[in-house]
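Just below is one structure, and these are the notes that go with it.
Excluded from the calculations below are hydrogen atoms, water molecules and symmetry mates; all remaining heavy atoms, backbone and side chain alike, are included. We count ligands from 1, going down the list as the structure has it; atoms in each ligand are counted the same way. Note that the numbering runs from 1 along the sequence shown for the chain. This is a predicted model, so every value here is computed, not measured.
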Amino acid sequence: MIRSFPSKAFAALFSLVIFSGCNQKEPSPQISDKKWWKEAVVYQIYPRSFKDSDGDGIGDLNGIISKLDYIKSLGIDVVWLNPIYSSPNDDNGYDVSDYRNIMKDFGDMKNFDSLVKGMHERGIKLVMDLVVNHSSDEHEWFKQSRSSRTNPYRDYYHWWNAERGKPAYRYSLFDINHDAWRYDSLTNAYYLHYFSPKQPDLNWENPRLRKEVYDIMKFWADKGIDGFRLDAFQFAAKDTSFPEFPKGLENNFQLYYAMGPHLHDYLKEMNSEVFSRYDVMSVAEGAGNSFDDAHNLVDADRKELDMAYAFDGVGIATPQGYSLLHFKDVFSRWDSAFAVKGWLSIFLSNHDQARMVSRFGNDSPAFRDLSAKMLATFVLTMRGTPYYYNGDELGMTNAGFKTITDFRDMPTLNEYRHQKDIHGDTVKYLERVKAESRDNGRTPFQWDTTKNAGFTTGTPWIAVNPNYKAINADLEEKDQNSCLNYFRKMVKLRKDNPVLVYGKYTLLDKGNPKVYAYLREEGEKKMLVVLNFSTETARVETGISAMNTKLLIANYPESPVSKTGDDIFELRPYEARIYQLK
Ligand code: GLC
């Protein structure tokens, strides 16, 4: 999603969640129930920007294959690959025109098979993006569907015949005019597209469509993939009578779009048809509008999905910054709501967000490296499955784009045109996207100091960040204290200490506005994590005697400043430390 859940609605939501509550009284075996996908660290690869093998300026599967040893060296267990299916690329592959084929820019099925083999030989699992809230308008289904009102594929999509008048307004996230109904004169009808007009929404009420999707999933599962990330799936179920929604829907579309009728039936069916028949993990983008919604998606006894992927945490940062108290509050509430049942994903970035260090850390030369390491410490010590977006392990930063022509992202460009059309403030808009556009996270992976950061020998499809001569994998490889090597150490620490996966989480010094401190504990094993999220030296009262701690890892190469009191720790700017309790 490019838009996170608006914070006002989010705040209102909390009260609702707290009162409606989720039943935590009954002890359940599920939280400690061991699963490979709970213990995994997921590394997300944006194939278009990872590594180009043939000089066309676009990353590809052979490029990823050439970097498998690097990927393995990170210590991660799972790769989540953004869509690689045939696509006209209106939305960089999130508009699929053939679900059983590979996008030409990325290679072919042979390359795919080699990729899976290469990953499996190295003990790495592969999770694929499944984009079935919508297809491309160039998919054969849609071509058939729009050809006549009586075509057998007509009901694969949502059509509204024009003689009924205009359907009730639906907000489109990507359409230039934000109108999700597009009129098609061929059959005198409107079709629905929550995203761009080239991404018509599929009709999940149609059992034939659902069966097609399950067959597609089995096709990939039979090829040996290890999981699915269901793109925008919380929007898949719709009230197909299309009632009026309240005015202002666009400010809160998630409330009306997510968790529509029968969504759980579809997921249960998908689970029994596909997930239950393979050893695959499943995660959907978004987790509904409340903790209850999230639980209903992922509690193991419901047999739907494995883990929730909620946006409340990642949505906190704004170009003006964010409050650490808010950040701690959100992550702590999510953890406590899932302390007994269900399972969460932990992430601070993905392909729809600006760079993690620019949003949540500090990308100035003085603090970039330290704050990137501090954020790695956070993501890799929380309960839940950590997702790390490619390039974040190097501390890659926002793109530094200057003009609108630097951007490639369709919704970013469409909104610019929209602002022009309505005589909006395009200068202000440009400032906003410089900080927020998801293109910031899509610049080519910075491999080395050679031309185009070693990403391509051709012209990259989107500009390389000019800071690649200082920030790249090759340099960081050689530096024991680099972000990259810190990330590797952190992954190893998590793998060696299941307490960091399953252990209970307790927030310490809750009201501290600069330091995030928490305890993770499982049986005798206890770990203390202290993270300074500020540019200043800060103190934290942990209530834990320093005498009883042993330092396991820290992001400053020099040994920590001496402890100032029995249970008071002083942390340098963006300092991160993990202690084991003796
Ligand atoms: C999801 C994807 C995003 C895409 C959108 C439409 O939010 O993460 O990248 O643009 O769905 O498919």
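- Annotation for ligand 1: atoms under 4.0 Å from non-hydrogen atoms of Arg438 are 3 (C), 4 (C), 9 (O), 10 (O).
- Among Asp352, Asp91, Val132, Asp129, the residue whose heavy atom lies closest to atom 3 (C) of ligand 1 is Asp352.
- Close contacts of ligand 1 with Arg229, meaning ligand atoms under 4.0 Å from a residue heavy atom, involve 8 (O).
- Ion pairing of Lys428 with Glu431 is absent here, as no side-chain N (NZ or NE/NH1/NH2) approaches a carboxylate O to less than 4.0 Å.
- With a 4.0 Å cut-off on non-hydrogen atoms, Gln353 does not touch ligand 1 at all.
- Using a 3.5 Å distance cut-off with no hydrogens or angles, the side chains of Thr397 and Asp363 do not pair a donor with an acceptor.
- Residue His134 has at least one heavy-atom neighbour below 4.0 Å for each of these atoms of ligand 1: 6 (C), 12 (O).
- Using modelled atom types, one finds no donor on one side chain facing an acceptor on the other under 3.5 Å when comparing Asp137 with Tyr191.
- Comparing Asp231, Asn350, Asp95 by heavy-atom distance to atom 11 (O) of ligand 1, the nearest is Asp231.
- Heavy-atom proximity to Phe174, at under 4.0 Å, picks out these atoms of ligand 1: 10 (O).
- At a cut-off of 3.5 Å, with distance as the only test, no side-chain donor of Asp352 or Tyr94 sits close to an acceptor on the other residue.
- Trp204 places a side-chain heavy atom less than 4.5 Å from the side chain of Val213.
- Neither side chain, Lys143 nor Asn151, offers a donor N or O lying under 3.5 Å from an acceptor on the other.
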